[in-house]
There are 2 protein chains.
Amino acid sequence: MSTSTAAQRREQAKVAYDAYLANCPVRRVLDRVSDKWVILLLNALADGPRRYAELRRIVAGVSEKMLTQTLRSLERDGLVTRTVTASVPARVDYALTDLGMSLLPVMRALKAWAEAHIAEIDAARADYDRAQP
Amino acid sequence: MSTSTAAQRREQAKVAYDAYLANCPVRRVLDRVSDKWVILLLNALADGPRRYAELRRIVAGVSEKMLTQTLRSLERDGLVTRTVTASVPARVDYALTDLGMSLLPVMRALKAWAEAHIAEIDAARADYDRAQP
DNA sequence: CAGTATCCCTCATGATACTG
DNA sequence: CAGTATCATGAGGGATACTG
C-alpha cells in the first residue's frame, strides 16, 4: 500500500498553501488594498481629514454599510484614524495615519502603471476576443 | 412634487459610480492583479517559461480549474503567452509577455511596502482587537 | 449626523469527474 | 499532459429599515 493517495497529497498541499497565502505579506496587503472601496477612500482622505457624510458624498455609490465596514477595517489596520467629537449633532472625522500616507506612493506607482498600460491590455483583450468569439 | 426622490438620486449616483469603477484604470488593474492566483503565477513565470504541470506544482494548492481560468484571463489581457507544441503527449508553455514583465517592478514595490509595514499593520490590529473585544 | 441590524442574492472559488 | 464540465457553497456586497 502507498503511504498516501493522490487526493491526500493534494489536500496536504492545499492546506500548506492556504496557510502560506494567509501569511504572505503581499497577499495580505493586496487583499486589504483591493477591497472595492479602499482605494477610493484612501484617495478621498489623501488631502486631509473628512467627515463621514463627506466621504459618503465623495465616494458616491457606496452604501452606508460598506462605508462603515471599510472605514472600520482601515482603522483596525492602522491606516486611518477615527475621531469622535461629542457634540449635537455628533461629528466624526476620519484621517490617514502616517502608515496610511506611506501607502500613497505605492498606490501612485500602481496608478502610473495602470494608466500607462491599460490601453495595451484593452488592445490585447480585443485581439483575443476577436480571435476566439 | 419633487423632481426625484432621495432613493432615485442615490440610484443615479450608484449607476454613475459603477460605470466609473468599471472604467477606472487603477481599479481594473487592481482587479486583475488581486485575483487570488495572479501574483503567484506572475511570480512563478518571472524566471522564464513554465509548462502547465510545472505551474500546478509550483503554485501548490491551486485547482486545475482556477489555474486554467487564471492563465486564460492573463493571456487575454496580454500578460502571458500560451504556446502549444503539437507532440505526444501535448506540451504547452506559458511565458510572460513584455507587458507582463513590466508589471514585475510594480509588484516588487508593493512587496517592499508590504514587507516593510506588515508588522505595523499586525500591531495596529492587535491593539484594536485588544481595545474592542 | 453617524451609524446598526437584517435579509437576500450573486458571484467567485473549489471539489469532483470526465476527455482529446 | 493539459485541459473541460458540472455541481455545491459561502462570503461579499447591496437594499432597506431602524437608532442614539
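Letters A, B, ... mirror the listed sequences (proteins, then strands); counts begin at 1.
- Side-chain polar atoms of B:T68 and B:Y52 form a donor-acceptor pair below 3.5 angstrom.
- Atom CG in A:L71 sits roughly 16 Å away from atom P in C:dC1 (whole-Å rounding).
- Each of B:G61 and A:A53 lies near DNA chain C, and the nucleotide nearest A:A53 is the one positioned closer to the 5' end.
- When rounded to the nearest whole Å, the span between CE of A:M66 and P of C:dT4 equals 13 Å.
- Where A:W37 and A:E64 each meet DNA chain D at their nearest nucleotide, the meeting point lying more 5' is that of A:W37.
- Listed candidates were C:dT4, D:dA2, C:dA15. Nearest to the side chain of B:Y52 is D:dA2.
- Distance, A:L67 CG to D:dG12 P: 18 Å, rounded to whole Å.
- Toward the 5' end of DNA chain D, the nearer of the two residues B:A90 and A:A90, judged by each one's closest nucleotide, is B:A90.
- Across the protein-nucleic acid pair, A:D31 atom CG and D:dG13 atom P stand 11 Å apart, rounded to whole Å.
- Between the side chain of A:K65 and the base of D:dG13, a donor-acceptor pair under 3.5 Å is found.
- Atom NZ of A:K14 is separated from atom C1' of C:dT13 by 10 Å (rounded to the nearest Å).
- Searching all strands for a Watson-Crick or G-U wobble partner of D:dG20 with both distances below 3.5 Å returns C:dC1.
- Here the nucleotide nearest the side chain of A:R72, chosen from C:dA2, C:dT13, C:dT4, is C:dT4.
- Rounding to whole angstrom units, CZ of residue A:R56 and P of C:dT4 are separated by 13 Å.
- A:L103 pairs in a side chain to side chain contact (heavy atoms under 4.5 Å, CB included) with only one of the listed residues (A:I39, A:L42, A:V38, A:T97), which is A:L42.
- A donor-acceptor contact under 3.5 angstrom links the side chains of B:Y94 and B:R82, judged on distance only.
- Distance from the side chain of B:V92 is smallest for D:dG3 among the nucleotides C:dA15, D:dG3, C:dC1.
- For C:dA2, one of the phosphate oxygens OP1 or OP2 lies less than 4.0 angstrom from a side-chain nitrogen or oxygen of A:R51.
- Of the two residues near DNA chain C, A:P89 and B:K36, the one whose nearest nucleotide lies more 5' is A:P89.
- One atom, CD1 of B:I58, and another, P of D:dA2, lie 12 Å apart when rounded to the nearest Å.
- Considering only side-chain N and O atoms, A:R82 lies under 4.0 angstrom from the phosphate OP1 or OP2 of C:dG3.
- Going from atom CD of B:Q69 over to atom P of D:dA2 covers 19 Å, rounded to whole Å.
- Classification of B:R28 and B:D77 as a salt-bridged pair fails, no side-chain N sitting under 4.0 Å from a carboxylate O.
- A:R76 CZ to A:L71 CG: the interatomic distance, rounded to the nearest 0.5 Å, is 15.0 Å.
- OP1 and OP2 of D:dC1 both lie 4.0 Å or more from every side-chain N or O belonging to B:Y94.
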